[in-house]
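Worksheet: the structure to be examined is printed underneath.
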Amino acid sequence: MRTAVTGGAGFIGSHLVEYLLERGDDVAIIDNLSTGRLENLQAVLEHPRLTFVEGTILDRGAVDEVVLGADRVFHLAAAVGVHLIVDHPLDSLRTNIHGTEVVLDASLAAGATLLMASTSEIYGKNAADSLPEESDRILGSPLKSRWTYAAAKGIDEAFAHGYWREFGLQVSIVRLFNTVGPRQTGRYGMVVPNLVGQALRGQPLTVFGDGRQTRCFSYVGDVVPAMVRIAENRRGRGQAVNLGGSFEVSILDLARRIIEVLGSDSKITLVPYAQAYGEGYEDMRRRVPDNTKARRLVGFDPATTLDEIIVSVAEDSSMAPAAQNAGLADQLLAG
Ligand code: UDP
């Protein structure tokens with residue numbers, strides 16, 4: 001099987017690439033190394049079945065280089081992370097809309113199937129007890145960059161759906177809910193690596209707002225195999241499928257848990273949203289996936305616990321010197 005992965009040097013992309021190589025695929029990556037890093041691919045960079053193209057998905061020639069000849073494509077390249085999107089709204093819009101159109105068109109031309117990564121952000125401020133895929137979207141003004149991102153990803157889904165309906169492209173969409181794990185960087189604002197890094201360094205954990213907003217974190221090691229199974233399942237084509245964690249936690253409780261699990265001396269400090277993201281930023285109070293569809297389609301069972309996730313992130317060598325973190329899991333989860 002020949003597989004192309006856009007964004008293959010990113011956090012989720014690099015885990016996916018490793019998984020696909022282990023399963024025997026030939027893998028071709030395109031990544032512009034904006035938020036992705038070659039270090040993420042350290043373990044596989046010399047692999048004989050891996051090729052890497054440094055390039056942007058806005059460049060059709062570069063995309064064709066990896067997609068032509070592929071049996072399937074995983075499209076993960078995107079401008080992600082709240083800080084990046086707030087700071088560079090135009091780049092995010094261009095990459096996320098035009099770039100996706102390029103990948104859709106190239107996949108169609110190659111006769112490849114496509115799995116497109118979307119996001120729970122598209123549900124916006126819908127704080128329902130759980131969000132099945134057909135839930136309404138509740139978005140703020142498109143002049144606020146957070147909603148610009150949600151709008152762009154919504155357009156991506158509509159594009160994918162259009163390519164499926166009008167051209168028969170065999171495309172499936174996964175909506176990822178706060179996927180976390182090793183190699184995710186806190187640099188663009190993601191809460192788990194941010195707080196874990198602070199706890200490891202003995203700094204205050206910065207909890208934004210009142211900390212009572214909730215999320216359902218899912219482990220990258222649970223999500224990646226499910227993505228591949230969904231890509232391979234004909235019944236998911238032309239549809240969107242949620243992939244999220246099964247436990248809801250407030251950010252304040254997350255911070256407390258991180259301190260406890262890591263045995264950190266850090267304190268928690270509440271930071272007003274305006275200070276964290278600038279004026280006018282809106283957060284969602286709650287975001288809970290309904291995973292029924294993924295469970296039915298591919299038996300999705302996100303089994304990794306929050307404590308295990310915290311330890312896996314703390315052990316990540318990019319968090320702190322490797323020696324300091326080695327064997328942390330054994331110590332922390334012993335007994
Ligand atoms: N957050 C926080 N401290 C941080 C980073 C994020 O309290 O250092 C909050 C953020 O405001 C949000 C939640 O944690 O309520 C999840 O943030 P993230 O950016 O990871 O994901 P998203 O907002 O996209 O769910």
Side-chain angles (χ1 to χ4, degrees), residues 4-17 29-38 40-41 53-60 62-63 66-67 73-107 114-124 137 139-160 173-180 183-194 220 223 227 240 276-278 280-284 287:
V5 181
T6 76
F11 153 55
I12 302 174
S14 63
H15 286 279
L16 173 66
V17 165
I29 296 173
I30 177 166
D31 198 302
N32 68 353
L33 301 180
S34 55
T35 53
R37 294 173 301 177
L38 279 180
N40 288 341
L41 293 167
V53 171
E54 184 174 344
T56 163
I57 53 168
L58 293 168
D59 177 352
R60 176 64 188 262
V63 170
V66 298
V67 167
V73 179
F74 288 81
H75 176 35
L76 278 74
V80 291
V82 166
H83 282 305
L84 190 74
I85 286 151
V86 169
D87 293 345
H88 302 283
L90 285 182
D91 278 353
S92 315
L93 275 175
R94 287 194 189 106
T95 305
N96 292 347
I97 297 180
H98 298 318
T100 291
E101 197 184 354
V102 168
V103 174
L104 284 163
D105 214 59
S107 303
L114 176 64
L115 188 288
M116 189 179 96
S118 184
T119 166
S120 57
E121 284 278 323
I122 66 134
Y123 297 113
R137 307 172 58 202
L139 303 184
S141 163
L143 303 186
K144 291 187 173 168
S145 45
R146 169 159 222 161
W147 309 123
T148 306
Y149 174 69
K153 294 301 269 189
I155 300 263
D156 283 351
E157 290 200 11
F159 255 124
I173 299 162
V174 288
R175 293 186 184 145
L176 305 178
F177 285 65
N178 294 87
T179 310
V180 294
R183 298 184 202 145
Q184 186 178 39
T185 151
R187 224 177 318 154
Y188 307 104
M190 273 75 164
V191 68
V192 171
N194 237 10
V220 66
V223 168
M227 285 172 69
Y277 299 115
Y281 184 80
E282 286 181 282
D283 198 15
M284 43 278 268
R287 195 159 60 193

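What you see is a predicted model, and the numbers here were worked out from it, not measured in a lab. Keep in mind that the numbers below use all heavy atoms, side chains included, and drop hydrogens, waters and symmetry copies.
L33 has its side chain within reach of E54: a pair of non-hydrogen atoms, C-beta onward, lies under 4.5 Å apart. With contacts defined as side-chain heavy-atom distances shorter than 4.5 Å, the pair R60/D105 qualifies. At least one side-chain heavy atom of R175 sits under 4.5 Å from a side-chain heavy atom of S118. Using a 4.5 Å heavy-atom threshold, the side chains of Y277 and D283 count as separate. Between V63 and T6, every side-chain heavy-atom pair lies at or beyond the 4.5 Å cut-off.
The two residues I29 and A9 come nearest to each other via the heavy atoms CG2-N, 4.2 Å. Taking each heavy atom of G55 and I30 in turn, the nearest pair found is O-CG1, 3.4 Å. Here the closest non-hydrogen pair linking V220 and F11 is CB-CZ, 3.8 Å. Between M284 and G124, the shortest heavy-atom contact is CE-O, 3.3 Å. Residues A79 and S92 share a closest heavy-atom pair of CB-CA, 3.6 Å. Taking both residues in full, the closest heavy atoms of S34 and Y188 are given as O-OH, 3.6 Å, listed atom of the first, atom of the second, then distance.
A donor-acceptor pair is defined here as one N or O able to donate and one able to accept, closer than 3.5 Å; such a pair exists between the side chain of R137 and the backbone of I122. No side-chain donor-acceptor contact under 3.5 Å links N32 to the backbone of I57. S14 places no side-chain N or O within 3.5 Å of a backbone atom of G8 that could act as its donor or acceptor partner. In this structure, the side chain of T100 does not engage the main chain of I97 through any donor-acceptor pair within 3.5 Å.
Atom CG of D31 is separated from atom CG of L41 by 7.5 Å, given to the nearest 0.5 angstrom. Note: L114 CG to F74 CZ = 9.0 Å, rounded to the nearest 0.5 Å. A distance of 6.5 Å separates CD1 of I12 from CE of M227, quoted to the nearest 0.5 Å. Taken to the nearest 0.5 Å, the CZ atom of R183 stands 4.0 Å off from the NE2 atom of H15. Put simply, NE2 on H98 and OG1 on T56 are 11.5 Å apart, with the number rounded to the nearest 0.5 Å. Note that the CG atom of N194 and the CZ atom of R187 stand 11.5 Å from one another [nearest 0.5 Å].
Between K153 and E121 no salt bridge is recorded (no basic side-chain N to carboxylate O distance below 4.0 Å).
With T148 as reference, L93 is the one residue of N96, L93, L90 to meet the side chain to side chain contact (heavy atoms under 4.5 Å, CB included) rule.
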